[in-house]
2 protein chains.
Amino acid sequence: MSLDEGIIADIRQFNRFYTNILGVLNKHVLDTGYTLTEARVVLEIGFMEPCIANQLVEKLDMDRSYMSRIISKLQKDGLLEKESSPLDNRTSLIRLTPKGAELFQQLNERSDEQIERLLDGLSPTEITEVRSSMLFIQSKMNRLERAQNDSI
Amino acid sequence: MSLDEGIIADIRQFNRFYTNILGVLNKHVLDTGYTLTEARVVLEIGFMEPCIANQLVEKLDMDRSYMSRIISKLQKDGLLEKESSPLDNRTSLIRLTPKGAELFQQLNERSDEQIERLLDGLSPTEITEVRSSMLFIQSKMNRLERAQNDSI
DNA sequence: CTCCTTTAGTGGACATAGTCAACAATTAAT
DNA sequence: ATTAATTGTTGACTATGTCCACTAAAGGAG
């Protein structure tokens, strides 16, 4: 045991706490007719387009086959289109259609509103401090995330 | 739009980031023969015992029926025992058996090790600062979590 | 080039996780 | 006393995720 017990307990407490926060947020991105996972895929395509399925798989840490099925569904629904890549004939370049972009925008707006509601009641100073704390945590842990993924 | 766009974007970015962190951690609590959800239930019983099913449902934000099935399984496996409550005949007081307490301890140790690994490479000062940032975020968002749950 | 290995995507079959509606028993409220 | 709300259970279902086998194309190594 190299670390103070209290620190670990506090961090585990924070993880439980933040699990709940994320749970509340995720639960209410819905109501678009798409599931949470589908919505996450649409959002990620919106951020990365054009992209290939495998990039989405890695980014969202999902199973290939699962992603394949979701992409099929979204394509059938007219939210995205695939263009076979000139560089690698195994892959397709994926882009949102106008209809997909519309959903993307809707999801973004809802997410933004959720964050605003989450911060409602805090002063501008407090909000700035929360943001700084998040950026700080991220800066300290983000190389570690990679390292841990690699080691597994 | 009352808030600076950048702040919301940063917070959403942090949420995506921390979703991944929690995903990595959760993926490897396993290997005890129990699923993540079952493990969470065992942990929560360990923290709260004696408790009733409904408290676990609220704490872990799970469906009643799902919890009922998990509790049945854990009981069948000899990890917990139910004593019918003298105060309310609808409910049972739930406690870990010695075997359940053993798993509880194992889960706790693993979780602690994971956090240590997550912090590995940071200086004591950095670790302290990360902890402070987490406590700060929690203190600011704490009451809000409740308020949001209620309003929904 | 040819042979071998790796990578990207797909589909079938399955396993796990979570949800919904109906119900019985009990307790709380009016 | 009657009605309403709570607790837990079960069946049926949907959503989510995993595993395996397979095809097709790239990327080497010789």
Side-chain angles (χ1 to χ4, degrees), chain A residues 19-20 22-24 26-45 48 50-77 80-95 152, chain B residues 19-20 22-24 26-42 44-45 48 50-77 80-94 152:
Chain A
T19 295
N20 284 334
L22 293 173
V24 171
N26 286 336
K27 210 163 272 176
H28 299 279
V29 175
L30 306 172
D31 317 335
T32 57
Y34 288 92
T35 67
L36 170 61
T37 314
E38 289 162 347
R40 293 214 304 150
V41 172
V42 170
L43 275 171
E44 207 54 48
I45 296 172
M48 297 176 65
C51 60
I52 66 174
N54 205 45
Q55 294 174 316
L56 297 170
V57 162
E58 283 171 16
K59 187 77 181 183
L60 298 177
D61 191 28
M62 287 173 48
D63 182 81
R64 273 175 199 298
S65 59
Y66 191 21
M67 180 64 76
S68 174
R69 278 177 252 262
I70 289 176
I71 288 175
S72 292
K73 180 182 176 187
L74 297 177
Q75 185 179 23
K76 194 158 57 184
D77 288 2
L80 61 81
E81 53 192 2
K82 299 206 266 185
E83 173 204 347
S84 67
S85 165
L87 295 167
D88 185 338
N89 280 315
R90 292 168 304 180
T91 67
S92 301
L93 296 178
I94 297 170
R95 286 185 187 78
I152 286 166
Chain B
T19 296
N20 284 333
L22 294 172
V24 171
N26 287 337
K27 210 162 269 177
H28 299 278
V29 174
L30 306 171
D31 317 336
T32 58
Y34 288 93
T35 67
L36 170 62
T37 313
E38 288 162 349
R40 293 213 306 150
V41 171
V42 170
E44 206 53 47
I45 295 173
M48 297 177 65
C51 60
I52 67 173
N54 206 44
Q55 294 173 316
L56 298 170
V57 163
E58 283 172 13
K59 187 77 181 183
L60 298 177
D61 190 29
M62 286 171 49
D63 183 80
R64 270 173 200 300
S65 60
Y66 191 21
M67 179 65 76
S68 175
R69 278 177 250 262
I70 288 176
I71 287 174
S72 291
K73 179 183 176 187
L74 296 177
Q75 185 178 26
K76 195 157 58 184
D77 288 1
L80 62 81
E81 53 192 3
K82 299 207 266 184
E83 174 204 348
S84 68
S85 165
L87 295 168
D88 185 337
N89 281 313
R90 292 168 303 180
T91 68
S92 301
L93 297 178
I94 297 170
I152 284 166

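Proteins get letters first, then strands, A, B, ... in listed order; numbering begins at 1 in each. The basis for the numbers below is simple: all heavy atoms, side chains too, and nothing from hydrogens, waters or symmetry mates.
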In whole angstrom, what separates [X]'s [atom1] from [N]'s [atom2]?
{"X": "B:R40", "N": "C:dG18", "atom1": "CZ", "atom2": "C1'", "value": "12 Å"}
{"X": "A:N54", "N": "D:dA26", "atom1": "CG", "atom2": "C1'", "value": "13 Å"}
{"X": "A:Y66", "N": "C:dA13", "atom1": "OH", "atom2": "P", "value": "19 Å"}
{"X": "B:L56", "N": "D:dT7", "atom1": "CG", "atom2": "C1'", "value": "13 Å"}
{"X": "A:D63", "N": "C:dG11", "atom1": "CG", "atom2": "P", "value": "14 Å"}
{"X": "A:I94", "N": "C:dA8", "atom1": "CD1", "atom2": "P", "value": "13 Å"}
{"X": "B:R64", "N": "C:dA22", "atom1": "CZ", "atom2": "P", "value": "16 Å"}
{"X": "A:I70", "N": "C:dG9", "atom1": "CD1", "atom2": "C1'", "value": "14 Å"}

Can any side-chain N or O of [X] pair as donor or acceptor with the backbone N or O of [Y] at less than 3.5 Å?
{"X": "A:E44", "Y": "A:V41", "result": "no"}
{"X": "A:E58", "Y": "A:Q55", "result": "no"}
{"X": "B:S68", "Y": "B:R64", "result": "no"}

Q: Hey, which sits more toward the 5' end of DNA chain C by its nearest nucleotide, A:D88 or A:S72?
A: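 Of the two residues, A:D88 wins.
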Q) Nearest nucleotide by nearest heavy atom, which residue falls closer to the 5' end of DNA chain C, A:S65 or A:T91? A) A:T91
Q: For residues B:V57 and B:D63, report the shortest heavy-atom separation together with the two atoms involved.
A: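 Minimum heavy-atom contact is CG2-O, 4.3 Å.
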**Q.** Minimum heavy-atom distance A:A53-A:I94, with the two atoms named
**A.**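 Closest heavy-atom pair between A:A53 and A:I94: N-CD1, 3.8 Å.
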Q) Does a nitrogen or oxygen in the side chain of A:R90 sit under 4.0 Å from OP1 or OP2 of C:dT7? A)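 Negative; the distance criterion is not met.
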Q) Taking only side-chain nitrogens and oxygens of B:K82, does any of them come within less than 4.0 Å of OP1 or OP2 of D:dT7? A) no
Q. Does the D:dG11 base have a donor-acceptor partner in the side chain of B:R69 within less than 3.5 Å?
A.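 Yes, the side chain and the base share a sub-3.5 Å donor-acceptor pair.
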Q. Base, sugar-phosphate alone, or nothing: which one does B:I52 contact when heavy atoms must sit under 4.0 Å apart?
A.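 It contacts sugar-phosphate atoms only.
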Q) Considering heavy-atom distances to DNA chain D, does A:P86 or B:A53 have its closest nucleotide positioned more toward the 5' end? A) B:A53
